[in-house]
Amino acid sequence: MQVILRQLGDCSIRRAGSSDLISVMEINLKTLPEHYSDYFYESLLAELPEAFIVAEIGGKHVGYIMCKTEYGFSNFKKLGFVKKGHVVSIAVLDEYRRKGIGQALVEESVNGVKLRKCDEFYLEVRCSNNEAVRLYEKLGFIIRQQLNAYYRDGEDAYLMAIELD
Ligand code: ACO
Ligand code: ZN
C-alpha cells in the first residue's frame with residue numbers, strides 16, 4: 001500500500017518504492033549534473049526508506065528526495081559526534097517548480113530522518129544554486145562551510161545544516 005504523506009493540490013507526496021526508482025533516475029538525469037548507479041538508488045531506498053520520497057501528479061513522477069544517515073562530527077557542536085541525516089539529492093521537474101513541491105519534499109524528509117533519531121540534517125549545494133539555497137534557508141538550514149572545488153567541474157559547495165529536536 002502506498003502511504004501518502006501529504007497532498008498538495010493534485011500532487012501526492014509519498015514514500016518511494018522500488019517501482020519508482022526508474023522515474024526518479026529519469027528526473028535526476030533531466031535536472032542535475034550529478035548522477036548515480038542503479039545500485040546506489042536501491043541502496044538508499046533500502047537503508048532509509050523514511051526519507052526517500054517522491055512527488056506524483058496523476059501518475060507522473062515530478063520530483064524526489066533521497067537521503068542517507070551517517071555518524072560523524074557535528075556541524076554545530078565543538079567536539080560533538082552525532083547521527084546525521086544527509087540529503088543526497090533532491091529535484092523537481094522544471095515545469096512543476098515554485099509550487100511548494102520542493103519544500104514539501106524537504107519537510108517530509110526531515111520527518112523521516114527524525115524518525116531515525118538523527119540529531120542534525122545536512123547537505124551540499126552549489127554556491128551558484130540560488131533557488132536551492134533559498135529553499136533550504138527558508139526551512140532553517142544555515143550555511144556552515146564552503147567546500148572548495150567540491151564538484152567535478154571545480155565549483156564550490158555550501159555545506160548547509162540544521163539541528164533537529
Ligand atoms: N527563486 C527564488 N527562490 C526560490 C526559487 C526561485 N526560482 N525556487 C524556490 N525558491 C525558494 C523560495 O523561498 C520558495 O518559497 P516561496 O515560493 O514561498 O518563495 C522555496 O524555495 C520553496 O520553493 P518550492 O516551490 O517548494 O521549490 P521547488 O518545488 O521549485 O523546488 C528545487 C526547488 C528542488 C531546488 C528546484 O528548483 C530544482 O529541482 N532545481 C534543480 C535541481 C536542484 O538544483 N536540486 C538541488 C541540488 S542540491 C542537493 O540535491 C542536495
Ligand atoms: Zn552530499
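When a ligand or atom number is given, it counts from 1 through the structure's own listing order.
Scanning all protein heavy atoms for the shortest distance to atom 14 (C) of ligand 1 gives Arg98 NE, 3.9 Å. Nearest protein neighbour of atom 25 (O) of ligand 1, counting heavy atoms only, is Gly100 N, 2.8 Å. Val92 N, 2.8 Å is the protein heavy atom nearest to atom 39 (O) of ligand 1. For atom 13 (O) of ligand 1, the closest non-hydrogen atom on the protein side is Lys138 CD, 3.7 Å. Gln103 N, 2.7 Å is the protein heavy atom nearest to atom 26 (O) of ligand 1. The shortest contact between atom 37 (O) of ligand 1 and any protein heavy atom is with Arg97 CD, 3.3 Å. Of the protein's non-hydrogen atoms, Glu131 CG, 3.1 Å is the one closest to atom 7 (N) of ligand 1. The closest protein non-hydrogen atom to atom 11 (C) of ligand 1 is Leu135 N, 3.7 Å.
Ring pair Phe81/Phe73 is perpendicular by interplanar angle, where above 60° counts as perpendicular and below 30° as parallel.
At a 4.0 Å heavy-atom cut-off, ligand 1 does not touch Glu137 at all. Contact annotation: for Leu105 versus ligand 1, there are no heavy atoms closer than 4.0 Å. By the criterion of a heavy-atom distance under 4.0 Å, neither the backbone nor the side chain of Asn130 is placed next to ligand 1.
Under the 4.5 Å side-chain contact rule for hydrophobic residues, Met160 and Phe76 do not share a cluster. When hydrophobic clusters are built by joining Ile, Leu, Val, Met, Phe, Trp and Tyr residues whose side-chain heavy atoms come closer than 4.5 Å, directly or via intermediates, Val133 is not grouped with Tyr151.
At a cut-off of 3.5 Å, with distance as the only test, a side-chain donor of Asn28 or Tyr64 sits close to an acceptor on the other residue. Side-chain contact, Ser128 with Glu155: a donor N or O sits under 3.5 Å from an acceptor N or O.
Using a 4.0 Å cut-off to heavy atoms of Tyr136, the atoms of ligand 1 that qualify are 46 (C), 48 (S), 49 (C), 51 (C). Close contacts between ligand 1 and Lys99 involve ligand atoms 25 (O) [criterion: under 4.0 Å to a heavy atom]. When each atom of ligand 1 is checked for a heavy atom of Ser89 under 4.0 Å away, the hits are 50 (O). Near Leu32, with a cut-off below 4.0 Å to any heavy atom, the atoms of ligand 1 are 42 (C), 43 (C), 44 (O), 45 (N), 47 (C).
A donor-acceptor pair under 3.5 Å is formed between the side chain of Lys83 and the backbone N or O of Arg116. Within the 3.5 Å criterion, the main-chain N or O of Asn75 finds a donor-acceptor partner in the side chain of Glu120.
Heavy atoms of Tyr158 come nearer than 4.0 angstrom to ligand 1 in no pair at all. Distances shorter than 4.0 angstrom occur between a heavy atom of Glu124 and an atom of ligand 1.
The pair Glu163-Lys77 meets the salt-bridge criterion, since a charged nitrogen lies less than 4.0 angstrom from a carboxylate oxygen. Between Glu34 and Arg126 there is a salt bridge, since at least one side-chain N of the basic residue sits less than 4.0 Å from a carboxylate O of the acidic one. Using a 4.0 Å cut-off between charged nitrogen and carboxylate oxygen, Arg6 and Glu107 count as a salt-bridge pair. One finds a salt bridge joining Asp20 and Arg14 here, because a Lys/Arg side-chain nitrogen approaches an Asp/Glu carboxylate oxygen to under 4.0 Å.
Proximity annotation for atom 45 (N) of ligand 1: of Leu8, Ile90, Ile65, Ile90 comes nearest, heavy atoms only.
Atom OE1 is the N, O or S atom of Glu124 at the shortest distance from the Zn ion (ligand 2).
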